[in-house]
Amino acid sequence: MDEFDLIKMYFAPLAGPEGLGLKDDAAHFSPPTGFDIILTKDTMVEGVHFPDGVYGADVAERLLRVNLSDLAAKAATPRGYLLSVAWPKHLDTKLLSGFAEGLKSCQEQFGLHLWGGDTVSTKGPAVFTATLIGVCPEGMSTRRMGASPGDDIWITGYLGKGFLGLAEIDGQIQNQQFIDGFYKPPPRIDLQKTLRTFASAAIDVSDGFVADLGHLAKASQVSATVEISNLSFPVSVKNFWQRGPEMVQKFLTHGDDYEIIFTAHPDYRENIISLAESLDFEVSHIGQCGQGGGVTILDGSLPLEFQSSGYTHF
Ligand code: ADP
Ligand code: MG
C-alpha cells in the first residue's frame, strides 16, 4: 500500500469539509467572524510518550486528548486537526486501522475533524504529531498570565491519574483501574463557559501540578499558595494517597493529569460553583494568589518541600 492508498483508506474517512477530502495540497478554513483561532501541537514518540510496540486506538486517543487539553486551557472550542504520521518501515500499515479507530471515536466525542497532515516512513520509532485548531469568541480565551494577588485558585477533577496510569503500565500496580485514564485523559473542554466568563488565567496540568501552577504564577507575576486538604480525590486514588508523603509528592509533581488550574476573582466563587453543578467533573477551590512569586503547598499550615516540581525533557 503506498502513501496515497493509505491516506485514502484510513484518513480520508475522518476528514471534515475543511480537509477537501484530503485530495488537495492544504486545508481551507474560513474562520467564523468575531472568533479568534487557537492553535496547539503535541508530538508523541514511541518509547517516550507511549510504550514500544503499541500503535492502536489508545495512542490515537491520547494524542488528540493531550492536545484537546491545551485547547481546553484556552477556553477554545475544538474544530479540526492536522496529523503527522512517521510510520516505522518494517511495520504493516494495517496496524494503522486501530489508530484510525481511536481518532474517529475521539473526533465524535469532542466534535473535531481531520483537516490534513503528512505521512512518511521512518527507520526509527513511530512518531505521531497533531496540530489542533480551535476557535474562541474574540478576546475571550484564557492565558497563563492574568491572575492578580487575591484571586482564588481552582482546579478541575483530580490529580494522580497520570502517575498511577504509568505505574500500572509499568506493572507496578495491577487491576486495570488507571490505564484507561492514562490513554484517555478527559480534556476539560466543558469548562469553557466558566473560563470565558470568570477566569483571570488558566493552564492545563501536563508537566506536573506544582510545575504548572508555577508557570501560571510566573506568567502572572503572583505567588500561589495551595492547601492540599482542599484537593479532592476519588476513593481509588485516595487509597494510594494514604501510603504517605512520597505518594503525595508523586501526585503533585508527576503530571499527565490534564486537569485545568485556573484563577478567578473571589467575587465569582458562587457563580463558578453553580456553573460546576452542570459539569460531570468537580471544580475545587484550592488556594489563593498573593503578592510576590513562587508556589507554596501547605499540609495543614506546614509548607511541603519538593525535590522536583515536574517533568522536563532535557
Ligand atoms: P503534498 O505532497 O502536497 O504535501 P501529500 O501527498 O503529503 O501532499 O498529502 C496529500 C493530502 O493528504 C493532503 O491534503 C494532506 O493534508 C493529506 N494527508 C497526508 N497525510 C495525512 C495524514 N497523516 N493525516 C491526514 N491527512 C493527511
Ligand atoms: Mg507531504
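Whatever order the structure lists them in is the order used to number ligands and atoms, beginning at 1. Basis for what follows: all heavy atoms, side chains included, without hydrogens, waters or symmetry-related copies.
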Per-atom contacts, ligand 1 versus Glu3 - under 4.0 Å to a heavy atom | 6 (O), 7 (O)
Looking only at distance, does Trp115 have an N or O less than 3.5 Å from an N or O of ligand 1?
-> no
Numbered in order shown, the ligand 1 atoms found under 4.0 Å of a heavy atom of Thr119 are 19 (C), 20 (N), 21 (C), 22 (C), 23 (N)
Would you check if there is a donor-acceptor pair between the side chains of Thr156 and Glu282 at a distance under 3.5 Å?
-> no
Going by distance only, is there an N or O of Asp24 that falls short of 3.5 Å from an N or O of ligand 1?
-> yes
Examine Ile7 against ligand 1 and note whether any of their N/O atoms are separated by less than 3.5 Å.
-> no
Determine whether the aromatic ring centres of Phe128 and Phe99 lie less than 6.0 Å apart.
-> yes
Find all atoms of ligand 1 within a distance of less than 4.0 Å from any non-hydrogen atom belonging to Gly116, and give their numbers and elements.
-> 16 (O), 24 (N), 25 (C), 26 (N), 27 (C)
Consider only side-chain N and O atoms of Lys89 and Ser121, and report whether a donor and an acceptor are under 3.5 Å apart.
-> yes
N/O to N/O below 3.5 Å, does that happen between Asp25 and ligand 1?
-> yes
Examine distances only and state if a side-chain atom of Glu46 and a backbone atom of Gly53 form a donor-acceptor pair shorter than 3.5 Å.
-> yes
Ignoring hydrogens and geometry, is there a side-chain-to-backbone donor-acceptor pair from Asp170 to Gln172 under 3.5 Å?
-> no
Pair Arg269 + Asp152, salt bridge at N-O below 4.0 Å | yes
Distance filter under 4.0 Å to Leu114 heavy atoms, resulting ligand 1 atoms = 24 (N), 25 (C)
Within 4.0 Å of some non-hydrogen atom of Phe11, the atoms of ligand 1 are 22 (C), 23 (N), 24 (N)
Using modelled atom types only, decide if a donor and an acceptor are shared between the side chain of Asp2 and the backbone of Asp5 within a distance under 3.5 Å.
-> yes
Atoms of ligand 1 close to Phe4 [distance to a heavy atom under 4.0 angstrom, numbered from 1] | 6 (O)
